[in-house]
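One structure is given below, encoded as structure tokens.
Letters A, B, ... mirror the listed sequences (proteins, then strands); counts begin at 1.
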There are 2 protein chains.
Amino acid sequence: MDKFFQFIQPFTHLGQASKEALVNIAQRWELPKGHLLVQAGTVCHYLYFIEAGLTRTFYDKDGKEVTDWLSAENSIACSIVSFITRKPDIRSIELLEPSILWALPYQPLENLYRQYHEIERLGRLMVSDGLVQLQQRFDDLHFATASQRYQKLLQSHPTFLQRVPLGMIASYLGVTQETLSRIRAQV
Amino acid sequence: MDKFFQFIQPFTHLGQASKEALVNIAQRWELPKGHLLVQAGTVCHYLYFIEAGLTRTFYDKDGKEVTDWLSAENSIACSIVSFITRKPDIRSIELLEPSILWALPYQPLENLYRQYHEIERLGRLMVSDGLVQLQQRFDDLHFATASQRYQKLLQSHPTFLQRVPLGMIASYLGVTQETLSRIRAQV
DNA sequence: CTGATTTTTTGATAAATGTCAAAGGAAATG
DNA sequence: CATTTCCTTTGACATTTATCAAAAAATCAG
């Protein structure tokens, strides 16, 4: 879990006891490309830290798959609304690459929140960070043109272009595959 | 602060000490319509609970004001990204009605997070709720047509139509005022 | 009450993007 | 290496929504 503890370091400091408690509930999963972490219509029971690999959160819209989020190594993947509300959600999560994950199960994590103030704090700061990220994505969708959004993604996640099919990137950016293809042709 | 404590009740239970600590840092503000709570380009230093009134979060886009969020009585208003990141943000918040607010200043609140596990927990759960709300708004913008979004808003906040000018509602829904006017004419 | 201001509606036109269809490339598999 | 499958591009056209402009309606202040 070294990578995970590195990942959370900017959020808050954890004492030895908290760290050990987290290690005790975390499960290391090594899964092949294509594996479905979360199935649409079910409750998401785990928060996933991606040590290596790539995940894609998506949902069905009128028979077409829309990519909602992409997470690469050293980041979190989760069907957040479902995980928080404990209700089924339309989102599925699949692996776009063979991946190594650390899965934190909901209830044990909740227990740690109660038990360790430090971990509750970590939770608050991680959710806050998620909120900021989502707001910025939201702003982009409001503010920027599809072309600008594409440029931004190129800057922030240059590897995605090689790792994720264009159609998935297109729906992530909120346009059709054809439109994104034309945007690229112009640049 | 009764209304505030009622508001947070669904999130978590607070003991007497935590409640008193919150009361001690909260400031009761009574402000007229048009007052600017947060100025674009500055850091948001307070989390506002609205006891009575109505606020509007907005930003400038190419010389036009875009409404980002609307908050009525018994809810929270805050320039969230700025409040969390401690950086200036493009968003302003103004009062659309004379309002009674409880303002929770950032640093004292942070201190209470450290001091009271209960309050840290409350913070985590409130941010989580904010994340869910934002995600649902995001989904709407992806999923629903402008017309459906308008219908939803009518259902969830029927009073907004009387209280908020159409142009602000239009940009909140992500369309121009003219388009929203036409949508209404069709129904 | 009345003129001024703000808000909402309506019309004509332009721009952006989606849809449908098909062809061209790239990558994977036996 | 040949063939199938998946991914990407291109074209023609339809649809949606924005933009610009102006009229109509509602609201506010003296």
Kindly state which residues belonging to residues 171-180 of chain B come within less than 4.0 angstrom of DNA chain C, counting heavy atoms of the residue only, listed by number.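 Contacting residues: B:Gln177, B:Glu178.
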
Got a sec? Which of residues 156-168 of chain A come in under 4.0 Å of DNA chain C, heavy atoms? none

How many Å lie between [atom1] on [X] and [atom2] on [N], as a whole number?
X	N	atom1	atom2	value
B:Arg182	C:dT10	CZ	C1'	6 Å
A:Ile183	C:dA15	CD1	P	18 Å
B:Gln148	D:dT17	CD	C1'	16 Å
B:Arg184	C:dT10	CZ	P	10 Å
A:Leu141	C:dA16	CG	P	17 Å
A:Leu96	C:dA27	CG	C1'	16 Å

Surrounding CG of B:Asp2 (heavy atoms of other residues, nucleotides or ligands, distance under 6.0 Å), is the total greater than 12? no

Please indicate whether B:Gln107 has more than 12 foreign heavy atoms, meaning atoms of other residues, nucleotides or ligands, lying under 6.0 Å from its CD.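 Yes.
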
According to a 4.5 Å side-chain heavy-atom criterion applied to Ile, Leu, Val, Met, Phe, Trp and Tyr, with indirect links allowed, do A:Phe138 and A:Leu134 form part of one hydrophobic cluster?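 A:Phe138 clusters together with A:Leu134.
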
Determine, using the 4.5 Å side-chain heavy-atom cutoff (strictly less than), whether B:Leu125 and B:Leu122 are members of one ILVMFWY cluster. yes

Check: A:Arg124 main-chain N/O paired with A:Ser128 side-chain donor or acceptor under 3.5 Å: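 The answer is yes, because a donor-acceptor pair under 3.5 Å joins these two groups.
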
Can you tell me how far the CG atom of A:Leu166 sits from the CE atom of A:Met168, to the nearest 0.5 Å? 11.0 Å

Can you measure from CG (A:Asp89) to CD (B:Gln136) and round to the nearest 0.5 angstrom?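 The CD atom of B:Gln136 is 8.5 Å from CG of A:Asp89, to the nearest 0.5 Å.
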
Is the phosphate of D:dA18, meaning OP1 or OP2, less than 4.0 Å from a side-chain N or O of B:Lys64? no

Using the C1' atoms of the five pairs at each end, what is the angle between the end axes of the helix from C:dC1-D:dG30 to C:dG30-D:dC1, to 10°? 50°

Side chain to side chain donor-acceptor pair (under 3.5 Å), that's the test. Do A:Arg56 and A:Thr67 meet it? Break it down for me. CA-CA 7 Å; A:Arg56 166 194 179 227; A:Thr67 297; 3.0 Å; yes

In terms of ring plane angle, is the pair B:Tyr48 and B:Tyr46 parallel, tilted or perpendicular, where the classes change at 30° and 60°? tilted

Partners meeting ring-ring contact (aromatic ring centres under 6.0 Å, His included) with A:Phe4 (sequence neighbours left out): A:Phe49

Report all interatomic pairs (protein N or O, nucleotide N or O of nucleotides 27-30 of chain D) with separations under 3.5 Å.
none

Set of side chain to side chain donor-acceptor pair (under 3.5 Å) partners for A:Thr176, sequence neighbours left out: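 Listed in chain order: A:Thr179.
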
Run B:Asp139 and B:Gln135 through side chain to side chain donor-acceptor pair (under 3.5 Å) and show every step you take. CA-CA 6 Å; B:Asp139 289 348; B:Gln135 180 70 60; 3.1 Å; yes

Strictly by modelled atom types, are B:Asn24 and B:Glu20 linked by a side-chain donor-acceptor pair under 3.5 Å?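 B:Glu20 and B:Asn24 do not have a side-chain donor-acceptor pair below 3.5 Å.
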
